[in-house]
Each structure stands twice: as C-alpha cells, then as structure tokens.
Amino acid sequence: MVSGRGKGGSVPAVGLALRLGGEDGGSKSLGGSPNRYQRTVRRLEEGSQVCDQLVGCFRDRARIEGSYARHMGAWVQKWRPLVDASPLYGSVRRAWQAFLDTTERLGRLHQDTQRALVVEELARLRGWQRDNYHRKLLGGFREARELESGFRRAQKPWARRLGKVEKAKASYHRACRKEHAAAGREQLAPGAPPLAPDRQRALREERQRHTLETHKERQHYEQALAELTRASPRYVEEMESVFEQGQEFEQRRIDFLKEALTALQRRLDPTTPPPTGWTPQP
C-alpha cells in the first residue's frame, strides 16, 4: 500500500514481476522495474565465453595426451634395443618384450586420443560456436543484441507508463505532506492563545486548498495506476515471448555442451569402444 496523509487516504500500488522459467527449471524475474532482462542477455553473451573455456580445456588435455604419448614412445625406444640385446632368453625375454609392446600400444592410444581431440572434438566445438555466435564489429554478438532489442521493444510502452506512475506518486505524496502540514497549522496547540479571525480564515482556506490539491493528485495517481494495470497483461505476454526465444537458444546450447562433454568422456574412457568411423593412427 502507498499511504497518503490527511484526507487523501491510501492508494494501492501496482507491482509487476514476471516469473519466467529459467535454466534447468529455475525462474527468472524480468519485470517490476526496467532493464531487469539484462541478466538473461548476459547469459547468452557468456555462452560464447564458456565455449572458449571448453576449447582451452580440450586443448590442454590434448597436449597432455600428446606429451604422454611422446614420453611412452621415447621410453620404448630407449629400452627396446637393450631388451633385444639382453642375455635373457625364452619366456622371460618374451615377457619383457611384451611389456614394451603394451607400453607402445598405450602410447599410440594416447596419440590417437590427442588427434581425435584436436581434429574432431575441438573442431566440432569451434564450428558450433561459429555458427551460433556472430560477432559484431563494435563488440558483442548479434544474437544478444537482437534479444536485448526485443526486450526493449516489449518493455518500452510499459516503462513509459511506469514512469508516469512514479511521477504521479511523488506528486501525490508531496500534496499529502502539504495538506498534513496545513492541517497542523490550522489546529491550535494546547494552551496557545486564540488566533485572530482573519488568521483562522486564512489557515482554513490554505488547508482546504491543499485538500483539493491532494484529491486532484490522488485522481492523477489512480489514473496512472489504472493505465499501468491495463497495459500489464500485454507487457507480460510480450516479455514472455522474447524470453522464450532466449530460452530456445539456451536450451540448444545446453544440449550441445552436454553432448560434447559426454562424447569427450567416452573418448577418454579406455573401457569404452571407439566411436563408429574412428580409425586408429598407425
């Protein structure tokens, strides 16, 4: 409630908060005040940053795989001639050679993993990012700017009416304070000497004038609130429509990243068979 002093009484305030479904079943509050949608726009922009971070993560893992493969290869090259020239013979020598063979195969496996990370996984991630995030010359992404423009268009009429409500509210409260102060001056304090008739009449007229002003400002305030209330359903509908567009993009991003990370996990799990069409490198 917005309370007013004096005979103005009170005027109910209108608050509007859009509770819209957010990521993974959460909710986002977009309404209630202008520009609350910026968090949703930032989330779209930050999606490209997440892709960059994942590319860095994949690339680092590829370097680790390559380094491990090279170390295994160098180790085998060091010990293979020594084992072949060893005085050992029979099953003991074959067991030692089998140990080297296993290490050599393990090195090739990690080398193949490095190639797959760079050639397939990194390329797929970069390709998706390039197809879904289009940079603008002056910075930012086209998709984020389009989403922000949609929110602005949907919110502009409602924000204009909200500004009128705030202005009418401030005027109404000022009028209430003036009326209250005038009523206080009109009433004599206990024990105070009586005022002259002309002074009493002047104070009464002042209080009546402020009462009329309060009534007028109250009407303006109520009218502005009514206009805002009538505009709210359409505002909510249009904001939800724009928000759903952003949600569709966000859901595509989530689905792709989950798929990419799951594929990477399978790729790095030695107990998982290689994907169809995957050919180890010689």
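We use all heavy atoms of the structure for the numbers below, so side chains are in, but hydrogens, waters and symmetry mates are not. Numbering starts at 1 and runs along the sequence shown. None of the values given here were measured: they were computed from a predicted structure.
- Taking 4.5 Å as the limit, some side-chain heavy atom of L122 sits within range of a side-chain heavy atom of R59.
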Tell me, with the steps shown, if Y37 and R152 meet side chain to side chain contact (heavy atoms under 4.5 Å, CB included).
-> CA-CA 9 Å; Y37 54 79; R152 284 179 176 174; 3.0 Å; yes
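- A salt bridge does not link R153 to E238: none of the charged nitrogens lies less than 4.0 Å from a carboxylate oxygen.
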Do L44 and E143 pass the side chain to side chain contact (heavy atoms under 4.5 Å, CB included) test, and can you show the C-alpha distance, the side-chain angles, and the key distance before you say yes or no?
-> CA-CA 8 Å; L44 191 151; E143 290 76 13; 3.9 Å; yes
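- Under 4.0 Å is where a charged nitrogen must lie from a carboxylate oxygen, and between E213 and R209 no such pair does.
- Partner of Q219 under the side-chain hydrogen bond (donor to acceptor under 3.5 Å, both in side chains) criterion, chosen from K216, Q223, H215: H215.
- Under the 6.0 Å cut-off for aromatic ring centres, F99 and W75 qualify, their centroids lying closer than that.
- Connection of F141 to F243 is established within a shared hydrophobic cluster, with ILVMFWY side chains joined at heavy-atom distances below 4.5 Å, either directly or through further cluster members.
- The side-chain heavy atoms of N132 and F249, taken from C-beta on, include a pair separated by under 4.5 Å.
- For the pair E217 and S171, the tightest heavy-atom approach, listed with the atom from each and the gap, is OE1-CB, 3.3 Å.
- Distance check, rounded to the nearest 0.5 Å: CG of L257 to CD of Q129 gives 10.0 Å.
- Linking Ile, Leu, Val, Met, Phe, Trp and Tyr residues whenever their side-chain heavy atoms come within less than 4.5 Å leaves L109 and L100 in two separate clusters.
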Evaluate side-chain hydrogen bond (donor to acceptor under 3.5 Å, both in side chains) for Q111 paired with R108, printing each intermediate quantity in order.
-> CA-CA 5 Å; Q111 188 176 27; R108 286 199 299 267; over 6 Å; no
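- Between E186 and R207, at least one side-chain N (NZ, or NE/NH1/NH2) sits under 4.0 Å from a carboxylate O, which counts as a salt bridge.
- Shortest non-hydrogen contact noted between H210 and E179 is CB-CA, 3.7 Å.
- Residue V92 is not grouped with residue Y89 when hydrophobic side chains (ILVMFWY) are merged at heavy-atom distances under 4.5 angstrom, including chains of intermediate members.
- Under the 4.0 Å criterion applied to side-chain N and carboxylate O atoms, E206 and R185 are assigned as salt-bridge partners.
- What you find for L106 and Y68 is that their closest heavy atoms are CD2-OH, 3.7 Å.
- Among E65, R70, H71, R115, the one residue that satisfies the side-chain hydrogen bond (donor to acceptor under 3.5 Å, both in side chains) test with H110 is E65.
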Please walk me through it: do E146 and Q245 pass side-chain hydrogen bond (donor to acceptor under 3.5 Å, both in side chains)?
-> CA-CA 10 Å; E146 289 176 351; Q245 295 174 19; over 6 Å; no
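- Using a 4.0 Å cut-off between a side-chain N of Lys or Arg and a carboxylate O of Asp or Glu, D131 and R126 do not qualify as a salt bridge.
- Put simply, CD on Q155 and CD on E148 are 11.0 Å apart, with the number rounded to the nearest 0.5 Å.
- Here L203 contributes atom CG and D198 contributes atom CG; the two are 11.0 Å apart, rounded to the nearest 0.5 Å.
- Within the 4.5 Å cutoff, the side chain of V118 has no heavy atoms near those of the R63 side chain.
- Taken from CZ in F256 to SG in C51, the straight-line distance is 7.0 Å, to the nearest 0.5 Å.
- Taking CD from E120 and OG1 from T113, the interatomic distance works out to 10.5 Å, rounded to the nearest 0.5 Å.
- Residues L264 and R61 fail the side-chain proximity criterion, which asks for heavy atoms closer than 4.5 Å.
- Salt-bridge check for R105 with D112: failed, with every basic side-chain N at 4.0 Å or more from each acidic carboxylate O.
- Cluster membership check: V50 shares its hydrophobic cluster with L125, using side-chain heavy-atom separations under 4.5 Å among Ile, Leu, Val, Met, Phe, Trp and Tyr.
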Decide side chain to side chain contact (heavy atoms under 4.5 Å, CB included) for L261 and Q265; before the verdict, give the C-alpha distance in whole Å, the side-chain angles of both, and the deciding distance to 0.1 Å.
-> CA-CA 6 Å; L261 289 171; Q265 182 180 1; over 6 Å; no
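- In terms of modelled atom types and a separation under 3.5 Å, the side chain of S48 and the main chain of Y133 share no donor-acceptor contact.
- Under a hydrophobic clustering in which Ile, Leu, Val, Met, Phe, Trp and Tyr are joined whenever their side-chain heavy atoms come within less than 4.5 Å, directly or via other members, M72 and V76 fall into different clusters.
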Go through the steps to decide whether R80 and D101 satisfy the test salt bridge (Lys or Arg N to Asp or Glu O under 4.0 Å), and finish with yes or no.
-> CA-CA 9 Å; R80 178 79 70 184; D101 292 341; 2.9 Å; yes
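- In this structure, E46 does not pair ionically with R43, as no charged nitrogen and carboxylate oxygen lie closer than 4.0 Å.
- No more than 12 heavy atoms of other residues, nucleotides or ligands sit less than 6.0 Å from atom CH2 of W79.
- Side-chain contact between T40 and V242 is absent, with no heavy atoms from C-beta onward closer than 4.5 Å.
- A 4.5 Å side-chain heavy-atom check between R204 and R201 finds at least one atom pair inside the cut-off.
- Taking 4.5 Å as the limit, every side-chain heavy atom of P157 sits out of range of all side-chain heavy atoms of Y235.
- Interatomic distance, CG of D52 versus SG of C57, reported as 13.0 Å (0.5 Å rounding).
- Ion pairing of K258 with D255 is absent here, as no side-chain N (NZ or NE/NH1/NH2) approaches a carboxylate O to less than 4.0 Å.
- When every heavy atom of A224 is checked against every heavy atom of A168, the shortest pair comes out as CB-CB, 4.3 Å.
- Under a 4.0 Å N-O distance rule, the pair E121/R124 qualifies as a salt bridge.
- Checked by atom type and distance alone, the side chain of S241 never pairs as donor or acceptor with a backbone atom of E237 at under 3.5 Å.
- Checked against E45 for a salt bridge (Lys or Arg N to Asp or Glu O under 4.0 Å), the options R253, R39, R145 give a single hit: R145.
- Residues R93 and D84 meet the side-chain proximity criterion, which asks for heavy atoms closer than 4.5 Å.
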